[in-house]
Amino acid sequence: KNQVEQSPQSLIILEGKNCTLQCNYTVSPFSNLRWYKQDTGRGPVSLTIMTFSENTKSNGRYTATLDADTKQSSLHITASQLSDSASYICVVTRGWKNNNAGNMLTFGGGTRLMVKP
Amino acid sequence: DSGVTQTPKHLITATGQRVTLRCSPRSGDLSVYWYQQSLDQGLQFLIQYYNGEERAKGNILERFSAQQFPDLHSELNLSSLELGDSALYFCASSLGQYLTNTEAFFGQGTRLTVV
């Protein structure tokens with residue numbers, strides 16, 4: 001079954017600290033992996049997108065890694081800010097075997113991050 | 001601002017009723033996707049339209065239907081509503097028809113409450 005599992009489910013850290021969020025997937029065939037930030041009640045906003053050949057990608061204080069062999073990804077947030085409080089969602093895109101499959105984003109359940117002053 | 005516009009932002013309706021959610025994609029995007037996010041659940045893909053035609057279908061109930069109009073805006077119709085249909089409904093758009101090599105931009109969502 002195509003699944004994306006994220007850990008931890010929730011995390012509380014102090015402002016200025018670093019944190020790492022984990023994502024494991026069993027989606028096949030794999031096309032790319034995305035990390036989204038979703039503020040409460042808002043739409044997801046893309047942070048990074050990585051293909052099979054990319055091991056790491058940064059977007060400001062956000063750095064995503066991908067190990068396609070172990071099917072694991074992580075999102076590292078450096079020097080956290082109060083505005084980083086949100087849900088972070090790992091999303092895997094399936095490569096297509098037929099036209100339908102090519103359009104499927106499989107979403108993880110998200111990690112709810114709270115940054116406290 | 002992603003450029004994807006969804007209306008209304010909030011909707012409260014009774015069981016058994018029918019509602020229509022509207023989505024305007026980013027300028028130039030040809031694909032529209034609909035997703036459902038129930039409380040504390042991940043986003044579930046419902047359906048995709050590309051340039052007016054249905055391209056992919058996910059876990060969409062028979063009570064739900066969608067269409068994309070010539071001006072590329074899309075509508076999601078939900079009928080015979082049940083309490084369990086209460087959720088956030090997101091629309092996303094992309095330039096191409098496959099998400100294997102293109103970005104998807106999400107709207108702010110419509111929060112549907114069925115009472």
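In what follows, chains are A, B, ... by sequence order, proteins preceding strands, each numbered from 1.
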> Say whether B:Leu72 and B:Leu76 are linked into one hydrophobic cluster, either directly or through other cluster members, by side-chain heavy-atom distances under 4.5 angstrom.
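Hydrophobic grouping puts B:Leu72 apart from B:Leu76.
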> Between B:Phe90, B:Phe105, B:Tyr35, which is the residue that forms a side-chain contact (heavy atoms from CB on, under 4.5 Å) with A:Pro44?
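Going through B:Phe90, B:Phe105, B:Tyr35 one by one, the side-chain contact (heavy atoms from CB on, under 4.5 Å) with A:Pro44 is satisfied by B:Phe90 alone.
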> If you take all heavy atoms of B:Arg111 and A:Gly41, which pair is closest and at what distance?
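Nearest heavy atoms, B:Arg111 then A:Gly41: NH2-CA, 4.1 Å.
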> Would you compute the distance between atom CG of A:Leu105 and atom CG of B:Leu43 and round it to the nearest 0.5 angstrom?
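Answer rounded to 0.5 Å: 9.5 Å.
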> Given that the side chain runs from C-beta out, which part of A:Gln38 has a heavy atom under 4.5 Å from chain B: side chain, backbone, both or neither?
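The answer is the side chain of A:Gln38.
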> Check this for me: B:Ile12, atom CD1, are more than 12 non-hydrogen atoms of other residues, nucleotides or ligands nearer than 6.0 Å?
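Incorrect, the count does not exceed 12.
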> Measure distances from B:Gln44 to the heavy atoms of chain A and classify the residue's part below 4.5 Å as side chain, backbone, both or neither.
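Neither part.
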> Among B:Gly58, B:Ala104, B:Gly42, which residue has the highest count of heavy-atom pairs closer than 4.5 Å to chain A?
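Option with the greatest count: B:Ala104.
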> Would B:Val32 and B:Leu30 show up in the same hydrophobic cluster when neighbours are defined by side-chain heavy atoms closer than 4.5 Å?
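Hydrophobic grouping puts B:Val32 apart from B:Leu30.
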> Taking side chain as everything from C-beta outward and backbone as N, CA, C, O, which of these in B:Ala92 sits under 4.5 Å from a heavy atom of chain A? Side chain, backbone, both or neither.
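Contact with chain A involves no heavy atom of B:Ala92 at all.
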> Would A:Trp35 and A:Val27 show up in the same hydrophobic cluster when neighbours are defined by side-chain heavy atoms closer than 4.5 Å?
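Result: yes, single cluster for both.
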> Would you please indicate yes or no on a ring centroid separation below 6.0 angstrom for A:Phe107 and B:Phe45?
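So the answer is no for these two rings.
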> Report, as yes or no, whether the 6.0 Å neighbourhood of atom CD on B:Glu54 holds more than 12 heavy atoms from other residues, nucleotides or ligands.
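It does: B:Glu54 CD has more than 12 such atoms within range.
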> Indicate, with yes or no, if A:Tyr36 and A:Met114 share a hydrophobic cluster defined by side-chain heavy-atom contacts under 4.5 Å among Ile, Leu, Val, Met, Phe, Trp and Tyr.
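Different clusters.
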